[in-house]
Amino acid sequence: MATRSRIAIEKKGVDGTAIVESIYCHWDGYPSNNGKLLLENYQDREKVEKLISLGDISFLAEEVEPSGPHSFENPQGGVVVAYHRDRGEDLRRPRANHSRQGFVRSDVEAYGYLFTLEGEWLFVDGHKSASTRKAIPLQEVVKS
């Protein structure tokens with residue numbers, strides 16, 4: 001059974017206000033897997049933007065881009081598997097929320113992860129009621 005999550009990035013919109021773009025991730029959304037991978041491998045804004053630009057993904061891994069043959073059926077180890085790039089599905093553009101709080105209160109699946117304008121990863125527990133959810137630093141959830 002899948003543990004679904006959403007992975008997001010906070011950006012400045014054209015009018016200067018924040019916007020949050022997120023993608024769906026089907027497998028292993030637990031903080032002990034996706035949370036740890038994000039903290040250890042996605043600290044660079046450019047790399048997070050490349051991840052989000054893939055659209056929805058099957059699973060997260062250490063690297064965004066393959067260095068050799070890579071497909072949905074035969075993925076290169078340690079590389080993200082994306083539905084559009086690796087299985088030929090229509091590209092599902094990132095979902096947009098108009099604020100950090102909008103993302104927190106949206107359907108983040110089981111877990112949500114947000115890379116902020118300040119370059120910090122936040123964690124959202126989707127099992128909690130949307131009206132009471134809070135975003136907390138991911139480091140508080142993923143202990144090294």
Side-chain angles (χ1 to χ4, degrees), residues 1-66 70-73 75-144:
M1 189 159 125
T3 302
R4 301 163 302 169
S5 62
R6 289 201 78 82
I7 302 169
I9 189 168
E10 185 178 38
K11 299 178 171 185
K12 285 276 188 193
V14 291
D15 62 356
T17 60
I19 186 169
V20 175
E21 294 182 342
S22 67
I23 59 172
Y24 169 82
C25 179
H26 190 70
W27 293 106
D28 298 330
Y30 294 104
S32 59
N33 186 75
N34 280 6
K36 187 174 184 195
L37 282 167
L38 292 167
L39 281 177
E40 293 177 356
N41 300 283
Y42 291 85
Q43 292 299 319
D44 176 67
R45 177 167 285 278
E46 185 176 319
K47 187 173 181 181
V48 177
E49 287 176 352
K50 282 182 184 178
L51 174 67
I52 300 299
S53 74
L54 288 175
D56 294 345
I57 61 175
S58 181
F59 65 84
L60 182 65
E62 294 86 352
E63 297 299 326
V64 177
E65 298 293 330
H70 176 76
S71 69
F72 193 84
E73 292 80 19
Q76 180 181 346
V79 179
V80 170
V81 172
Y83 293 115
H84 173 69
R85 179 188 69 192
D86 304 321
R87 193 158 76 176
E89 292 186 10
D90 289 341
L91 177 62
R92 293 185 58 170
R93 302 233 179 256
R95 181 182 78 195
N97 293 98
H98 295 291
S99 67
R100 189 180 293 188
Q101 191 62 19
F103 173 73
V104 170
R105 297 224 170 137
S106 72
D107 180 10
V108 295
E109 305 295 342
Y111 302 104
Y113 302 95
L114 172 61
F115 192 74
T116 68
L117 288 169
E118 299 80 25
E120 175 185 27
W121 279 105
L122 298 178
F123 170 78
V124 180
D125 186 344
H127 297 98
K128 297 189 177 188
S129 167
S131 63
T132 62
R133 277 189 214 144
K134 294 187 179 352
I136 60 172
L138 183 55
Q139 302 90 290
E140 292 180 14
V141 180
V142 177
K143 308 292 184 203
S144 24

Hey, is CD on E118 packed in by over 12 heavy atoms from elsewhere, all under 6.0 Å?
yes

Donor-acceptor pair, distance only, cut-off 3.5 Å: does the side chain of R133 make one with the backbone of V104?
yes

Could you please spell out the steps behind the salt bridge (charged side-chain N to carboxylate O under 4.0 Å, His left out) verdict for R87 and E73?
CA-CA 8 Å; R87 193 158 76 176; E73 292 80 19; over 6 Å; no

Nearest 0.5 Å, please: how far is NZ in K134 from OG1 in T132?
7.5 Å

Interatomic distance, CG@L138 vs CG@L122, rounded to 0.5 Å, equals 8.0 Å

Would you call R45 and I9 a side-chain contact if the rule is heavy atoms closer than 4.5 Å?
yes

Please give me the minimum heavy-atom distance between A110 and T3, naming the atom from each residue.
CB-CG2, 4.3 Å

Separation between CZ of R100 and CZ of R105, rounded to the nearest 0.5 Å:
14.0 Å

Between D86 and H70, do the side chains contain an N or O donor and an N or O acceptor separated by less than 3.5 Å?
yes

Here the pair of heavy atoms bringing S22 nearest to A8 is CB-CB, 3.6 Å

Please verify the inter-ring angle class for Y111 with H127; under 30° counts as parallel, over 60° as perpendicular, anything in between as tilted.
perpendicular

Quick one: does P31's side chain get under 4.5 Å of Y113's, heavy atoms only?
yes

Measure from the side-chain N and O atoms of W27 to the backbone N and O of I57, and report whether any donor-acceptor pair falls under 3.5 Å.
no

Report the C-alpha separation of R95 and F103 in whole Å, then their side-chain angles, then the decisive distance to 0.1 Å, and conclude whether the side-chain contact (heavy atoms from CB on, under 4.5 Å) test is met.
CA-CA 10 Å; R95 181 182 78 195; F103 173 73; 4.2 Å; yes

For I7 against L38, the heavy-atom pair lying closest together
CG2-CD2, 4.3 Å

Between the main-chain N or O of E120 and the side-chain N or O of T116, is there a donor-acceptor pair closer than 3.5 Å?
yes

Does the side chain of Y42 reach to within under 4.5 Å of the side chain of L60, using non-hydrogen atoms?
yes

Between H84 and E89, is there a donor-acceptor pair closer than 3.5 Å when you use the side chain of the first and the backbone of the second?
yes

Minimum side-chain heavy-atom gap Y30-K36 below 4.5 Å
no

How about E40 and E62: do any of their side-chain heavy atoms sit closer than 4.5 Å?
no

Step by step, would you call T17 with K12 a side-chain contact (heavy atoms from CB on, under 4.5 Å)?
CA-CA 6 Å; T17 60; K12 285 276 188 193; over 6 Å; no

Nearest 0.5 Å please: distance from the CD atom of E49 over to the CG atom of D44.
8.5 Å

Between K11 and E21, does at least one N-O distance fall below 4.0 Å, as a salt bridge requires?
yes

Are F59 and H26 side-chain neighbours, meaning at least one heavy-atom pair lies under 4.5 Å?
no

Whether the side chain of N33 engages the backbone of D28 through a donor-acceptor N/O pair (distance < 3.5 Å, no angle test) should be reported.
yes

Does V80 form a side-chain contact (heavy atoms from CB on, under 4.5 Å) with L54? I'd like the steps, not just the answer.
CA-CA 9 Å; V80 170; L54 288 175; 3.8 Å; yes

Can you tell me if CZ on R92 sees more than 12 non-hydrogen neighbours from other groups inside 6.0 Å?
no

Verify side-chain contact (heavy atoms from CB on, under 4.5 Å) between I136 and V141, making sure each step is shown before the conclusion.
CA-CA 8 Å; I136 60 172; V141 180; 3.5 Å; yes

Verify salt bridge (charged side-chain N to carboxylate O under 4.0 Å, His left out) between E65 and K50, making sure each step is shown before the conclusion.
CA-CA 9 Å; E65 298 293 330; K50 282 182 184 178; 5.8 Å; no

Does the side chain of Q139 come within less than 4.5 Å of L39's, by heavy atoms?
yes

Shortest non-hydrogen contact from F72 toward P75
O-CD, 3.7 Å

Pairwise distance CZ(R6) to CG(N97) - rounded to 0.5 angstrom:
8.0 Å

Is it the case that over 12 heavy atoms from other parts of the model lie below 6.0 angstrom from the CZ atom of R93?
no

Hey, does E10 have a side-chain heavy atom less than 4.5 Å from the side chain of L114?
yes

Rounded to the nearest 0.5 Å, how far does OG of S5 lie from CD of E109?
8.0 Å

Determine the minimum heavy-atom distance between A96 and I19, stating which atoms define it.
CB-CD1, 4.1 Å

